[in-house]
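Report on the following structure.
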There are 2 protein chains.
Amino acid sequence: MEKDCLKLENQLCFPLYAASRNVIKKYKPFLDELDLTYTQYITMMVLWDLKEINVKELGNKLYLDSGTLTPLLKTLESKGYVSRVRSSSDERNLLICLTAEGGKLKDKAASIPTKVSKCINLNPDEALSLYKILYKILEGGE
Amino acid sequence: MEKDCLKLENQLCFPLYAASRNVIKKYKPFLDELDLTYTQYITMMVLWDLKEINVKELGNKLYLDSGTLTPLLKTLESKGYVSRVRSSSDERNLLICLTAEGGKLKDKAASIPTKVSKCINLNPDEALSLYKILYKILEGGE
DNA sequence: TTAAAATAAATTGTGTACAATTGAATTGTA
DNA sequence: TACAATTCAATTGTACACAATTTATTTTAA
């Protein structure tokens with residue numbers, strides 16, 4: 001009986017992993033219009049909200065490290081959506097700042113959450129339940 | 001109000017993406033002992049169950065394409081866990097077969113699901129609810 | 001029956017993820 | 001105040017993901 005534990009259909013992590021990729025794919029046609037990948041998009045979300053943040057804090061919010069963020073932020077800089085400046089008070093910190101160009105993207109992105117949620121077949125109860133469980137996983141360990 | 005839709009904390013996809021990576025990380029110490037990555041592990045799960053499958057069907061089960069699977073399966077072959085043989089009835093198909101060595105891994109893996117579930121802070125109701133919602137997402141579109 | 005269409009895997013190229021290491025800047029402390 | 005420890009970002013190296021294209025094989029339909 002122990003063996004059924006190793007069947008794909010009895011796993012919780014596998015559908016979590018597959019559903020995550022599945023939903024991210026639904027963003028693609030909308031994000032293509034903004035010339036953003038999904039990871040770049042969630043980075044821009046933080047910046048649309050805060051305007052400025054250093055790499056460390058950004059990594060804490062996105063659960064990503066500098067190995068992922070450094071090249072991604074250089075790409076966003078090359079697109080003109082953010083600037084990268086060393087903090088004068090502590091040269092170890094790199095400040096990521098939203099540019100005017102990056103700010104304009106927010107308007108174009110405003111309709112994306114609604115459009116994507118229409119592609120996902122969940123009712124409000126399920127969505128809320130999912131949200132709570134996912135944050136319980138995220139908070140329950142790191 | 002439209003603007004709050006673009007806040008990270010109001011997204012459903014972001015915690016899905018973050019929780020997926022968070023849980024996969026919990027497998028790492030256990031999978032390191034088997035010299036498997038998470039993607040290699042779920043591939044082995046299919047093979048422990050079916051013994052043999054072609055790349056196309058494997059991709060359907062894992063929601064992955066040949067671009068991901070081809071190099072991964074070559075790695076598993078080099079580790080001695082699978083063999084790769086063209087189907088004689090249709091040379092387009094590549095059959096992936098569990099080797100004896102690969103079969104032995106199943107015993108070593110048997111305890112992993114229990115160990116990982118102890119690292120995830122969910123009660124049985126939450127786990128079942130999550131499972132159902134994730135499969136609803138997966139079935140609801142592709 | 002043979003040429004076009006379809007199918008399967010491999011390949012190519014880009015962009016993450018992430019562990020581990022490095023290097024520069026800052027902080028704590030003897 | 002030096003200097004060891006810490007912190008932050010960048011770098012290095014490996015392994016996915018995935019879109020798009022290519023190559024080989026098989027199927028189909030004229």
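Below, chains carry the letters A, B, ... as their sequence lines are ordered, and counting in each starts from 1.
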Quiz prompt | Spacing of B:Leu64 atom CG relative to D:dC16 atom C1', expressed in whole Å | solution = 9 Å

Quiz item: Is there a side-chain polar atom (N or O) of A:Tyr17 under 4.0 Å from OP1 or OP2 of D:dA17?
Solution: yes

Quiz item: Among A:Asp90, A:Asn93, A:Asn60, which one satisfies side-chain hydrogen bond (donor to acceptor under 3.5 Å, both in side chains) with A:Asn54?
Solution: A:Asn93

Practice problem: For A:Asp90 and for A:Gly67, locate the closest nucleotide of DNA chain D by heavy-atom distance; then report the residue assigned to the nucleotide nearer the 5' terminus. | Solution: A:Asp90

Quiz prompt | Result of checking B:Leu36, B:Val116, B:Asp32 against B:Tyr27 for side chain to side chain contact (heavy atoms under 4.5 Å, CB included) | solution = B:Val116

Quiz item: Taking the nucleotide of DNA chain C with the closest heavy atom to each, which residue, B:Asp65 or A:Asp65, is nearer the 5' end?
Solution: B:Asp65

Quiz item: What is the distance from OH of B:Tyr38 to C1' of D:dA17, rounded to the nearest Å?
Solution: 15 Å

Exercise. Check the surroundings of atom NZ in B:Lys108: do more than 12 heavy atoms from other residues, nucleotides or ligands lie under 6.0 Å from it?
Key: no

Quiz item: According to a strict under-4.0 Å criterion, is A:Lys28 in side-chain N/O contact with OP1 or OP2 of D:dA19?
Solution: no

Self-check item: Length of the line joining B:Leu95:CG and C:dA8:P, which is rounded to integer Å
Solution: 13 Å

Quiz prompt | Value in whole Å for how far the C1' atom of D:dT23 lies from CZ of B:Arg86 | solution = 10 Å

Quiz prompt | Side-chain N or O of B:Thr37 closer than 4.0 Å to phosphate OP1/OP2 of D:dC16 | solution = yes

Quiz item: Looking only at N and O atoms, is any donor in the side chain of B:Ser66 or the base of C:dA8 less than 3.5 Å from an acceptor on the other one?
Solution: no

Quiz item: Between A:Asn22 (side chain) and A:Lys25 (backbone), is there a donor-acceptor pair under 3.5 Å?
Solution: no

Exercise. Rounded to the nearest 0.5 Å, what's the gap from OG on B:Ser88 to CG on B:Leu95? Could you check?
Key: 8.0 Å

Quiz item: How many Å lie between CD on B:Glu91 and P on D:dT25, as a whole number?
Solution: 7 Å

Practice problem: Figure out the NZ/P separation between B:Lys25 and D:dC16, and round it to whole Å. | Solution: 16 Å

Practice problem: State, with a plain yes or no, whether a side-chain heavy atom of B:Leu64 is found less than 4.5 Å away from one of B:Thr39. | Solution: yes

Quiz item: With a 3.5 Å cut-off and no angle check, do the side chains of B:Ser89 and B:Ser87 form a donor-acceptor pair?
Solution: yes

Self-check item: Between C:dT16 (P) and B:Phe14 (CZ): distance, integer Å
Solution: 15 Å

Quiz item: Any side-chain N or O of A:Asn93 less than 4.0 Å from the OP1 or OP2 oxygen of D:dA9?
Solution: yes

Self-check item: Within-4.5 Å side-chain heavy-atom neighbours: A:Leu94 and A:Lys56
Solution: no

Quiz item: Heavy-atom contacts under 4.0 Å between residues 39-57 of chain B and DNA chain C, which residues?
Solution: B:Asn54, B:Val55, B:Lys56

Quiz item: Please give, in whole Å, the distance from C:dA19 P to B:Asp32 CG?
Solution: 10 Å

Quiz item: Under 3.5 Å, side chain of A:Ser129 to main-chain N/O of A:Asp125, donor-acceptor pair present?
Solution: no

Quiz item: Quick one: does B:Gln11's side chain have a donor or acceptor within less than 3.5 Å of a partner on B:Leu8's backbone?
Solution: no

Quiz item: Which residues, if any, of residues 69-84 of chain B bring a heavy atom under 4.0 Å of DNA chain C?
Solution: B:Thr70, B:Lys74, B:Arg84

Quiz item: What is the base-pairing partner of D:dT27, counting Watson-Crick and G-U wobble geometry with both distances under 3.5 Å?
Solution: C:dA4

